[in-house]
Amino acid sequence: METYLWLIPTLPLVAFLANFTLGSRLPHRVPALVGIASVLVSLLLSLLVFNEVRTHAEPYNQDLYTWIPSGSFQVSIGFYVDQLTSLMLLIVTSVSLLVHIYSTGYMHGDPGTYRFFAYLPLFTFSMLMLVLANNFLELYVFWEAVGLCSYLLVGFWYYKRSASDAAMKAFIVNRVGDFGFGLGVILLFTTFGTLAYVPVFERAPDVAEAMLFLITLLLFTGSMGKSAQWPLHTWLPDAMEGPTPVSALIHAATMVTAGVYLVARANPLYNEAAGTLTVIAVIGLVTALLGATIALVQNDIKRVMAYSTISQLGYMFFALGIGAYISAIFHLFTHAFFKALLFLGAGSVMHGVGGETDMRKMGGLRRYMPQTFITLVIGSAALAGVPPLAGFWSKDEILGLAFVGHHYLIYALGTLASFFTAFYITRLVALTFLGTPRFDTRKMHPHESPLSMTGPLWVLAALSVVTGALVGIPPEDGWIHHFLEPVFAAHGGEAAGEAAHGGGFTPETVVLMLVATGVSLLGILLGLAVYAWRVPALDPSRWATRLSGVYKMLYNKYYFDELYDALLVRPSRALGNMLWRFDAQVVDGIVNGTARTTAGTGGGLRRLQSGFVGNYALSIGVGVVALIAYLFFS
Amino acid sequence: MYGDNTLGFPILSVVTLLPAVGALLIALIPKPATNAVRWTAVAVAGVDMLLMLLVLGSYTAGRPGFQLVERVEWARSLGLQYYLGVDGISILLYFLTALLSLVAVVYSFGNVEHRLKEYYAALLVLETGMLGVFVALDLVLFYVFFELTLIPMALLIAVWGHGRKMYSALKFFLYTFAGSLLMLAAIVSVYVQTSGQAGGPTLNYVDLVRQAPGWSSGFQTWMFWGFFFAFAVKMPLFPFHTWLPDAHVDAPTAGSVILAGVLLKMGGYGFLRWQIPLSPDASRQFAAVPITLSVIAILYGAYITLMQRDLKKLIAYSSVATMGFVVLGIFTFTTQGVQGALIQMVSHGLISGALFLGVGVIYERLHTREIAKLGGLATLMGPFAALFVILSLGNLGLPGLSAFVGEILVTVGAFIRNPLLAVPVYFYIVVSAAYMLWMVARVFYLGKPAGDHNLPPMNLWQETLPLAGLALLSVLIGVWATPFLQTMEPSVTGLLNYLGVPQDTGTAFTP
């Protein structure tokens, strides 16, 4: 592994450097090819890593070089590879490759294409390093680096006010999370005397629980920012200003799951901090419901998906919170494929209708873009939890574990969120593809996307169908559980949730599966009844007026943006303004006042100014002479 | 004669005094030969930079104590010596001075017409002054070099500046000179103090650090405050910072580069080289004062930066916050804090020096620094925008550039000293992101510049290469801080040992 592991992140880095510096001078297809080639080779090498990890259970740990040596603060750049890493490598490289290919079609003709194919490999490099890191500061570094890539790509069309603002918001909100994360890393260092994973995880049980509670809570702040968990979720919907392939790769499949990865990676710490796990479960649950309810009423196709992502990440977090680490990663894995599919599908729709994202101006697109339609339906069904598609198995596992772990409230609310999920995604499909066109068919001629775009859609559709059943059957005891077990079992994880419960197709799980399936179908049927069959009693506009309070609340996303503006942004600005005035009038005022007094009258300043050079040369000369004279005669 | 110097000539003297000799040479060149003046200046700064590389090559990293020492008795009875040497605390700043001076001289090549000879003479004398500050090991010599920087800098602002240049130059001069006068008094009392002791009066560093721990607490207290103000004004530390924005806004570009890049560092260096060693007990006793002021400086500076509408002022105020990290790191008296402070000084020299250069690039073309009148430069000047944005990201502490290494080490040091210090300080990363990205969006992304302007392409030697080179150095420190930290390590450890601070030996933690 040592011989080729370093190539996995390095190749995309080289692609970035090449495209960033030379890209504008290369023929327009070359940057894309450079990007695709680098990620393809990284994917193949990741498969090799996966194969090695499958046969050798022991984690691989390697320091490449010492980065910051300062006293006992010794930080290296290195690699840590275990089953979790290898799985993340596969997810990142495979989705990244598909997004690269898709983008050749989607970004065709954009004058900034070379920049796009520079930032995309830069992101891939950063994300790969994030999952490969072998210590917490290295993790933090690439955590910020993926944030930078997100900033660059959300603001790709930087001359657009909305894109530029969204990029800035994404970065700053993430910095709020990183403020806690960074302090957590420092506290980790002062507690353990090191930041390397291996010794930290070994010694975790010896550290006081209160300290671990604080450390893990601070680390989790970072997760809340990166994974858009309430109350730091507001940046993700705005991040949809970026090109849609970016939304698929960064804001659905990979970067936003970094927060989940962090908790799973640091599971030896979290296992010793029960309080933090409870906090995570609560925040995850709140976010799952928050995202799902907002998604019910949004009209922008990408924003619906963004809130859906927020909600699905919430599922992963409450899974982590109840100690079901492997199920959380399982959901991360399936979600990466079907959510990337949904976003790329949305991109294909936008590509076909000239960039429109308002679903109220769509409808009946099924006839114009059948391939996009079918693949998007598959992705939607996977998200809704229709068996036997991928999302069903992973979501069912999380809810099932909540139930058997006696977390009935979590189970109930999670199931409610899953009903909403089925409803809003059905609404999305119905508004977009079904019914009759709500646009002017004489002016707009929607068309199917080229093969470079539909190809990745089909690949992801296939993955969305099979991955769940392939790695997740039987429930709670599937291949993925055996594969990932060493990551968590080594430190006594998973014990609470799963070991007590054998998993497999027990009567209990079968009943739970039937309930979950029923809830999904109910949501889908209701969605179809309202938006496809247009049952008059269920007319959405009537319900919107009847429940106008609720509707407005959801439509305005619970007013979090307004709230933060009033509570944080404005006061900050006011404080800055106040300090600035204080600085000019008081601090500087005293200085100038002193000078004026010293110079005698107000006109003194003017007088001093005139003979400027001579005076000062003189005064310094006098100073030195006085000193030397003093030395001589003392 | 030259200590451990195997080169056979006194290299520190040559490097330090060469620019002043160059200034004399320039004075001899007839006025109309403007290109001869320019080329002479470039040659002098360039040769000095090459010699600086020789200094780096002759310097043995990882060895404690001073190297390349030159020591000549000046007046034995007075205890005055011509005494030069570099160690881990000074070598990087010494190097930075030559580098940024070269950048300033090269940048000025096509941009300055007015009183050319005087301009370059001032710039080169300034360089000698700054270089001398970092290698002088005798207090009087140090003081002379320290003051020598004052006049040319004030002249650069007053003669070649913009706006209220007289006011700003005067303010700069009087403010820093007032601080220096107190230091002069402190130096005199050192002389008085040591003249009563065996071995006669002495003002050289090595003798002083041997005696200082024995000084009474009253005298040490006087030493602490006597030196404190001179360096606090220079840094500048809150609340002594108000000269800085004025000086920067009105200084010519090269002046700003030097001012931000090197002059401010003389304050941080002064703390480490003179103030703390001459008042070891008092420094420990009063450390809470500079620490408190630096924490205020970081947040106060950051919040004020948020409100700036002038590009140069924005970077100037952000320097107040950044330099706050330097003071904080130094007075934590931890390995991480002091090393972080030194890295932060070098980093700030590279990043803010380059940013001020970038402001000059913009000003030359658009004749404004008002953010509201700028815009869309990413589209109009792509490669320049890329460099400037990278440097801006460095300034907001993005990992991978040098400022992050400094900030994280200082924060670690602050945390070790008192965890509650680290919390407000680290909030800086949120505010700094806000003002830098706000600026980037307004200047580079959105809209377009007011009025009709012709935007000539970047000049390779004067603009692109200096910017790219400084950015690359910052990235180098950011991704591989090891050689830099190892170079300063023995001197930092020596200083902390001297202070009697419990040593951080690097042994692993055992729970």
Side-chain angles (χ1 to χ4, degrees), chain A residues 24 65-74 137 140-141 144-145 148 155 158-159 161 164 168 171-172 175-176 178-179 182-183 186-187 189-190 192-194 199 203 206-207 572-573 575-577 579-580 583 587-588 591 595 605 608-609 612-613 616-617 619-620 623-624 627 630-632 634, chain B residues 78 140 144 147 150-151 154-155 158 166 170 173-175 177 181 184 187-188 191-192 195 239 242 300 303-304 306-307 335-336 339 376 378-379 393 398-400 405 409 411-412 415-416 422-423 426-427 429-430 433-434 437-438 441 445-446 480-482 485-486 504-509 511:
Chain A
S24 58
Y65 69 94
T66 306
W67 171 40
I68 302 181
S70 177
S72 58
F73 190 79
Q74 299 278 334
L137 196 67
Y140 179 87
V141 167
E144 287 244 303
L148 167 72
Y158 55 80
Y159 37 82
R161 178 69 192 257
S164 175
M168 208 159 91
F171 197 93
I172 294 170
R175 271 255 159 142
V176 174
D178 292 354
F179 162 59
L183 288 174
I186 294 173
L187 183 59
F189 165 73
T190 55
F192 288 88
T194 175
R203 295 173 202 157
D206 305 329
V207 172
S572 297
R573 227 178 276 152
L575 177 66
N577 222 344
L579 291 179
W580 189 25
D583 200 54
V587 183
D588 201 32
V591 173
L605 260 176
L608 268 177
Q609 277 177 352
F612 187 73
V613 179
Y616 309 126
S619 51
I620 184 169
V624 174
L627 173 71
Y630 180 85
L631 298 182
F632 267 105
S634 65
Chain B
L78 293 177
V140 171
V144 169
E147 296 301 281
L150 218 48
I151 297 168
L155 284 174
M166 272 309 207
L170 178 68
F173 187 91
L174 284 184
Y175 211 149
F177 191 62
L181 281 177
L184 183 65
I187 292 174
V188 170
Y191 186 86
V192 176
S195 53
T242 52
Y300 180 88
Y303 270 98
I304 291 183
L306 214 47
M307 305 315 298
T335 309
Q336 291 81 16
Q339 287 199 321
T379 310
L393 293 169
L398 189 80
V405 179
L409 283 176
T411 313
V412 167
F415 199 103
I416 291 172
V423 178
Y426 207 60
F427 193 70
I429 69 163
V430 177
L437 294 183
W438 178 86
Y445 294 164
L446 302 169
W480 190 38
T482 307
L485 288 167
Q486 281 174 349
D504 180 24
T505 51
T507 49
F509 165 87

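Bear in mind the structure is a predicted one, so any value in this text is a computation, not a measurement.
- Closest approach of A/P69 to B/Q339, counting heavy atoms only: O-OE1, 3.8 Å.
- Here the side chain of B/T482 pairs a donor or acceptor atom with the backbone of A/T66 at under 3.5 angstrom.
- Taking the side chain as every heavy atom from C-beta outward, B/V423 and A/F179 approach each other to under 4.5 Å.
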**OP:** Test side-chain contact (heavy atoms from CB on, under 4.5 Å) on A/Y158 and B/T379 and set out the steps.
**Re:** CA-CA 9 Å; A/Y158 55 80; B/T379 310; 2.9 Å; yes
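- Note that CD of A/E144 and CG of B/L398 are 6.0 Å apart. Values are rounded to the nearest 0.5 Å.
- Side-chain polar atoms of A/S70 and B/Q336 form no donor-acceptor pair below 3.5 angstrom.
- Summarising the geometry of A/R175 relative to B/I429, their closest heavy-atom pair is NH1-O, 2.9 Å, with the distance given to 0.1 Å.
- Of the inter-residue distances, the one linking A/W67 atom CH2 with B/W480 atom CH2 reads 14.5 Å to the nearest 0.5 angstrom.
- Of the listed residues (A/I68, A/D583, A/L183, A/L579), the one with the most heavy-atom contacts under 4.5 Å to chain B is A/D583.
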**OP:** List the steps, then state whether side-chain contact (heavy atoms from CB on, under 4.5 Å) holds for A/Y159 with B/L446.
**Re:** CA-CA 5 Å; A/Y159 37 82; B/L446 302 169; 5.8 Å; no
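- Both the backbone and the side chain of A/V587 come within contact range of chain B, judged by heavy atoms closer than 4.5 Å.
- When all heavy atoms of B/Y426 and A/G182 are compared, the closest pair comes out as CE2-CA, 3.7 Å.
- Of all the listed residues (A/V141, A/D178, A/V176), the one sharing the greatest number of non-hydrogen pairs under 4.5 Å with chain B is A/V141.
- Within the 4.5 angstrom heavy-atom criterion, atoms from both the backbone and the side chain of B/L437 approach chain A.
- Only the side chain of A/L137 has a heavy atom closer than 4.5 Å to any heavy atom of chain B.
- Interatomic distance, OH of B/Y303 versus CZ of A/R573, reported as 12.0 Å (0.5 Å rounding).
- Distance check, rounded to the nearest 0.5 Å: CZ of A/F73 to CD1 of B/I416 gives 9.0 Å.
- Applying the salt bridge (Lys or Arg N to Asp or Glu O under 4.0 Å) rule to A/R161 yields the partners A/D165; only residues at least two apart in sequence or on another chain are considered.
- Neither the backbone nor the side chain of A/S24 comes within contact range of chain B; no heavy atoms are under 4.5 Å apart.
- The contact between B/F427 and chain A is made by backbone and side chain atoms together, counting heavy-atom distances below 4.5 Å.
- Listed by chain and number, the residues in a ring pair (Phe, Tyr, Trp, His ring centres under 6.0 Å) with B/Y300 are B/F238, B/H241 (sequence neighbours excluded).
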